[in-house]
Amino acid sequence: MLSTKIAGIGYYVPEKVITNFDLMEMMDTSNEWIIERTGIEERHYVSEGEGTSDLGAAAARKAIEMAGIATEEIDFIICATISSDYFFPGSAFQIQDKLGLNGIGAFDIRVACSGFIYGLSIADQFIKTGQYKNILLVGGEVQSNAMNFSTEGRDMSVLFGDGAGAVILQPCAGESKIFSSHLHADGKYSQALWAEVPACNLKPHISHELLDQGRQYPHMNGREVFRHAIVRFPQVINEALDANNLTKADISLIIPHQANLRITQAVAKRLDLTMDVVYSNIHKYGNTTAASIPIAMCEALAEGKFKRGDNLILASFGAGFSWGAIALRY
Ligand code: ACO
């Protein structure tokens, strides 16, 4: 059986930096509250007309370059996003067109903060079965266009940023491989972290009335998310370790979805790990949902936090609720 190797990674964030002080101009918040409750100092927002596929294509070009392949060698595209350029079709199609790969298969998956983990698991199956040989997986989000930048929406709008990360996945017979993936969800909590509208269980699915009610904005029961996140992250990380007879000592770095620094710190504590083996860069980008893990991977690699041959655990928790983990040797 073939294994799947991450042959290249890349990320792209839009140029515009929005600091906590910039947000203080828009709503009743403070740099102190945001840092104390989330660890976020700044985030990147797109410029007018810049969409998820633009960010995804830019990240993809960097991953392709690192993989040392020609763009034309890519034979499938998966894009994990909750903020596609259009309601449909998904951003994978625009990324494909932007890369000049017209004709190859492509699709979006909509698993919020667990999108990259789910996408990596799907791509791994395609590679291991020999279906494809160079899969581009993008995790990308444009969230700044969907936030309520008033004091009423401050619990959410200070958390999120825009960005994209991408990996190139190839078959491998050598050391580098995805060991296993572990995917979970619980739909009972669909409304604990959601954006209701546009809602096709309503007629019409979007209207001035619905917009006036603010039902297009993301809403979150923060405490409920926190309570579940700090249980599910350790649970699925341990599931991935146990499935491969690995211990925490075998892992060079755990790279969690960058939800909130307080969650990451609580997870590290529950795993009895220090923050030098649980990566965090949320202070620079905010919560970029499906982009957060590949962006963190790129920065952790550049900072020398891991290298070829090291074991990693990637883990996520988010809307759905969904949660998951991947154990791999990079
Ligand atoms: N600036 C200033 N005050 C704020 C802000 C803000 N941006 N947002 C909320 N507040 C105020 C509230 O109005 C409230 O004031 P009050 O007590 O006078 O009414 C107070 O802060 C506490 O508000 P809560 O919403 O209860 O804030 P909480 O203590 O739950 O902290 C937070 C909010 C940081 C989101 C917390 O719930 C949390 O860490 N949740 C984890 C969920 C999370 O971070 N999710 C990230 C996205 S989802 C994901 O990626 C998994």
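Both counts, for ligands and for their atoms, begin at 1 and track the order of listing.
Among protein heavy atoms, the minimum distance from atom 1 (N) of ligand 1 is reached at T29 OG1, 2.7 Å. Atom 24 (P) of ligand 1 has R223 NH2, 4.2 Å as its closest protein atom, hydrogens excluded (heavy atom only). Nearest protein heavy-atom contact of atom 9 (C) of ligand 1 is W33 CZ2, 3.4 Å. Atom 44 (O) of ligand 1 has N260 ND2, 2.8 Å as its closest protein atom, hydrogens excluded (heavy atom only). Here the heavy atom of the protein found nearest to atom 14 (C) of ligand 1 is R154 NH2, 4.8 Å. For atom 32 (C) of ligand 1, the closest non-hydrogen atom on the protein side is R262 NH1, 4.4 Å. With hydrogens left out, the protein atom closest to atom 31 (O) of ligand 1 is R37 NH1, 3.1 Å, a heavy atom.
Interface atoms of ligand 1 facing V158, defined by a heavy-atom separation under 4.0 Å, are 7 (N). For ligand 1 and G222, the ligand atoms under 4.0 Å from any heavy atom of the residue are 37 (O), 40 (N), 41 (C), 42 (C). Ligand-side atoms of ligand 1 in range of D155: 8 (N), range being under 4.0 angstrom from any heavy atom. Near A259, meaning under 4.0 Å from any of its heavy atoms, are these atoms of ligand 1: 46 (C), 49 (C), 50 (O), 51 (C). Every atom of ligand 1 with a heavy atom of V225 under 4.0 Å away is listed here by number and element: 42 (C), 51 (C). Counting the atoms of ligand 1 from 1 in the order shown, those under 4.0 Å from a heavy atom of L193 are 48 (S). Of all atoms in ligand 1, numbered sequentially from 1 with element shown, those under 4.0 Å from a heavy atom of C113 are 49 (C), 50 (O). Near F317, meaning under 4.0 Å from any of its heavy atoms, are these atoms of ligand 1: 51 (C).
Under the ring pair (Phe, Tyr, Trp, His ring centres under 6.0 Å) test applied with H228, the options F233, Y189, W323 reduce to a single match, Y189. Between I293 and the options L314, L120, T288, a side-chain contact (heavy atoms from CB on, under 4.5 Å) holds for only L314.
The closest side-chain heavy-atom distance from M220 to L159 is below 4.5 Å.
Protein heavy atoms come within 4.0 Å of atom 11 (C) of ligand 1. Within a 4.0 Å radius of atom 28 (P) of ligand 1, the protein has at least one heavy atom. Counting protein heavy atoms under 4.0 angstrom from atom 3 (N) of ligand 1 gives one or more. Of the protein's heavy atoms, none falls inside 4.0 Å of atom 17 (O) of ligand 1. Of the protein's heavy atoms, at least one falls inside 4.0 Å of atom 48 (S) of ligand 1.
The shortest N or O to N or O distance between N287 and ligand 1 is under 3.5 Å. Checked by distance only, ligand 1 and T38 stay at 3.5 Å or farther apart across all their nitrogen or oxygen atoms.
In plain terms, the two heavy atoms of V277 and S252 that are nearest each other are CG1-O, 4.0 Å.
Between the side chains of S91 and S53, no donor-acceptor pair is found at a separation under 3.5 Å. No donor-acceptor contact under 3.5 angstrom links the side chains of E42 and T19, judged on distance only. Under the 3.5 Å distance criterion, with hydrogens and angles disregarded, no donor-acceptor pair is assigned to the side chains of Q235 and H184. A donor-acceptor contact under 3.5 angstrom links the side chains of E303 and Y279, judged on distance only. In this structure, a donor-acceptor pair under 3.5 Å is absent between the side chains of S84 and D108.
The CD1 atom of I104 sits 7.5 Å away from atom CG of L136, with the distance rounded to the nearest 0.5 Å.
Ion pairing between a basic and an acidic side chain is recognised when a charged N comes within 4.0 Å of a carboxylate O; K62 and E65 show no such pairing.
Linking ILVMFWY side-chain heavy atoms closer than 4.5 Å, directly or via other members, places V231 and V236 in two distinct hydrophobic clusters.
Aromatic pair F149/Y45: ring centres closer than 6.0 Å.
Between the side chain of R43 and the backbone N or O of V158 there is at least one donor-acceptor pair closer than 3.5 Å.
For H257, the closest heavy-atom approach to ligand 1 falls below 4.0 Å. Residue contacts with ligand 1: M220 is included, with a non-hydrogen atom under 4.0 Å away.
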